[in-house]
Amino acid sequence: MAPERWLFWHRRDLRLADNRGLAAAAAATPAVTGVFVLDPAILSDPSMAPARLWFLSESLRELQQAWQQAGSTLVVLRGDPAELLPRLAAGLGAAVVAWNRDVEPFGRERDRRVARALQADGRKVLADWDQLLVAPEALKTGAGDPYRVYGPYWRSWRRWVEEASATGTAASGGLDPLPPPSALIDLDPAQLAGALADLPLTNPELKHGFLEHGFGGAELCPCRPGEKAAQEQLAAFCDGDSRSISLLGYEPGRNIPGEAGTSGLSAALKFGTLSPRQAWAAAQQARPLARSEEERYSIQVWEQELAWREFYQQALFYFPELAEGPYRPQWRAFPWDNDSGWFEAWREGLTGMPIIDAAMRQLNESGWMHNRCRMIVASFLVKDLICDWRWGEAAFMARLVDGDLAANNGGWQWSASSGMDPKPLRIFNPATQAGKFDPEGTYIRTWLPELRHVATRDLISGEIAPLERRGYPAPLVNHKVQQARFKALYATIKG
DNA sequence: CCATATTTAAT
DNA sequence: TTAAATATG
């Protein structure tokens, strides 16, 4: 008798190794078929970035080959998962459909619909956590509430991760990365063809992969698609050979946008070509390489970035209203200027403030922006241009290769001072930020080649003589004037 | 053991 | 300013 067939539904876990849901399926039966559904509701949304379509398409193409090498098939469909998954499961004769859980309101509602449809057909559903080191339910404050403040969350998160690490294996609740499944069993070709006959199947085309993405910045983007590239990037970042621009030099290297001092793994973690447990394990293996207190501290700072990612995901899980706008009610009445001309100048990198324009051009050309610059341009849009941060949030989502609702919304709410974090106003002075983090003007000159001739001091301050500008715009606003205006408007909503 | 007041600390 | 931890009744 043939073994029971399971269907595994990939979503934001585009890898075979250390995929908890897939491993659970493979532990139950070797007869596992994979599926990914290209959902027009997501792909055609205005917030979908060409860079993400590129990353998704390339990662899927590699994942489909990996399934084949593991002995089975990854089916790629296009349409509504709630309609297609029951049909595919029926065609395959799958008894169980498994997937990894998500935190986003849209995904959770979709998953409920899919589960209801499958269960109505008498199929079992298996869904558990994979995309976080620590499941949202695992950490609560002393009062039993979800954490709203990063500091206490980080301490609690680290304690939990260290205790779970000590137990080792996944079976005993540990965090050791799992190997990929191998020796899977496929349906025989005729049976598979029959199961797929009436389904909207998508095959990778020779040139573009699964999707027409129209993204031209792949060469400039630091994020590499696919499971294999993610492993290589992680290993290179953690290896200790290039200490100043890697994990061991992460602090302060991570804050210098003109150097490649960050891991570039944001998109890999967003799409799950890399698991957070793999990232955590690599950081632990690098600890013996650290030869100074600074290098040990660098590892911890990177671990804290993994914790920020999980903090914002658990926040969205427990407070889905974050996705709709300001968490703090008084911010909902803020009298934004919302000048659409200023907003467009910001979005296209034409504000006349070099550090802002360099950062926005990096985003527009490469699909990625250095995190320090994300904070600087966010503060500028909100506190200098006095524009609703949700416009900036949407603009980031429309272009970022790693655009993720929880992280992007969390970052913008942090910058706008409207989030759960109880700290008062944060106003960055863009010139001070440029002076601290791009002191030689390296980053500015990289992305604003038309200003390469300008003295570094003027690139940082933004005070460029009209004859030196050569077509580069004059500053749109004056920081001193605008921050005073912002504070006056803020006073009207306080309390 | 609760509920409430006070203290502490926040990338 | 306010969440979280801790002290107090």
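Proteins come first, then strands; the chains are lettered A, B, ... in the order of their sequence lines, and each starts at number 1. Since the structure is predicted, the reported quantities are computational estimates derived from the model, not experimental observations.
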Exercise. If you check every side-chain atom of A:Arg328, which of C:dA3, B:dT11, B:dA10 has the closest atom?
Worked result: C:dA3
Exercise. Just checking A:Trp154: base, sugar-phosphate only, or nothing, at a heavy-atom cut-off of under 4.0 Å?
Worked result: nothing
Exercise. If you look at every strand shown and take non-hydrogen atoms under 4.0 Å, does A:Glu251 touch a base, only sugar-phosphate, or nothing?
Worked result: nothing
Problem set entry | Nucleotide C:dA4, atom P - distance to CH2 of A:Trp157 in whole Å | 18 Å
Exercise. Could you give the CZ-to-P distance, from A:Arg148 to C:dT1, as a whole number of Å?
Worked result: 19 Å
Problem set entry | Whole-Å distance separating the CZ atom of A:Arg155 from the P atom of B:dA9 | 9 Å
Taking distance alone, no hydrogens or angles, what donor-acceptor pairs closer than 3.5 Å link side-chain atoms of residues 310-319 of chain A to residues at least two apart or in another chain?
unit_1	atom_1	unit_2	atom_2	d
A:Glu310	OE1	A:Leu133	N	3.1
A:Glu310	OE1	A:Val134	N	3.0
A:Glu310	OE1	A:Trp157	NE1	3.0
A:Glu310	OE2	A:Leu133	N	2.6
A:Tyr312	OH	A:Gly410	O	3.3
A:Gln313	OE1	A:Gln131	NE2	2.9
A:Gln314	NE2	A:Tyr147	O	3.1
A:Gln314	NE2	A:Phe311	O	3.3
A:Tyr318	OH	A:Pro136	O	3.4

Exercise. OH of A:Tyr147 versus P of C:dT2: gap in Å, rounded?
Worked result: 21 Å
Exercise. Ignoring hydrogens and geometry, is there a side-chain-to-backbone donor-acceptor pair from A:Arg328 to A:Gly419 under 3.5 Å?
Worked result: yes
Exercise. Side chain of A:Tyr150: nearest nucleotide among B:dA10, B:dT11, C:dA4?
Worked result: B:dT11
For this session: Please state how far atom CH2 in A:Trp331 lies from atom P in C:dT2, giving the value in whole angstrom units.
Result: 12 Å
Exercise. Between B:dT11 atom P and A:Lys436 atom NZ, what is the distance in whole Å?
Worked result: 17 Å
Problem set entry | Atom NZ of A:Lys140: over 12 foreign heavy atoms under 6.0 Å | yes
For this session: In whole angstrom, give the distance that lies between atom CG of A:Asn371 and atom C1' of B:dT11.
Result: 12 Å
For residues 167-176 of chain A, run the donor-acceptor check on the side chains, cut-off 3.5 Å, and write out each pair with its distance to 0.1 Å, sequence neighbours left out.
unit_1	atom_1	unit_2	atom_2	d
A:Thr167	OG1	A:Ala164	O	2.9
A:Thr167	OG1	A:Gly174	N	3.4
A:Thr169	OG1	A:Ser172	N	3.3
A:Thr169	OG1	A:Ser172	OG	2.7
A:Ser172	OG	A:Thr167	O	3.3
A:Ser172	OG	A:Thr169	O	3.1

Exercise. Between C:dT1 atom P and A:Trp414 atom CH2, what is the distance in whole Å?
Worked result: 19 Å
Exercise. At under 4.0 Å between heavy atoms, what does A:Arg372 touch on the DNA or RNA strands: base, sugar-phosphate, or nothing?
Worked result: nothing
Exercise. Would you say A:Arg445's side chain and A:Arg452's backbone share a donor-acceptor pair under 3.5 angstrom?
Worked result: yes
Exercise. Using a cut-off of less than 4.0 Å, is there contact between a side-chain N or O of A:Tyr327 and OP1 or OP2 of C:dT1?
Worked result: no
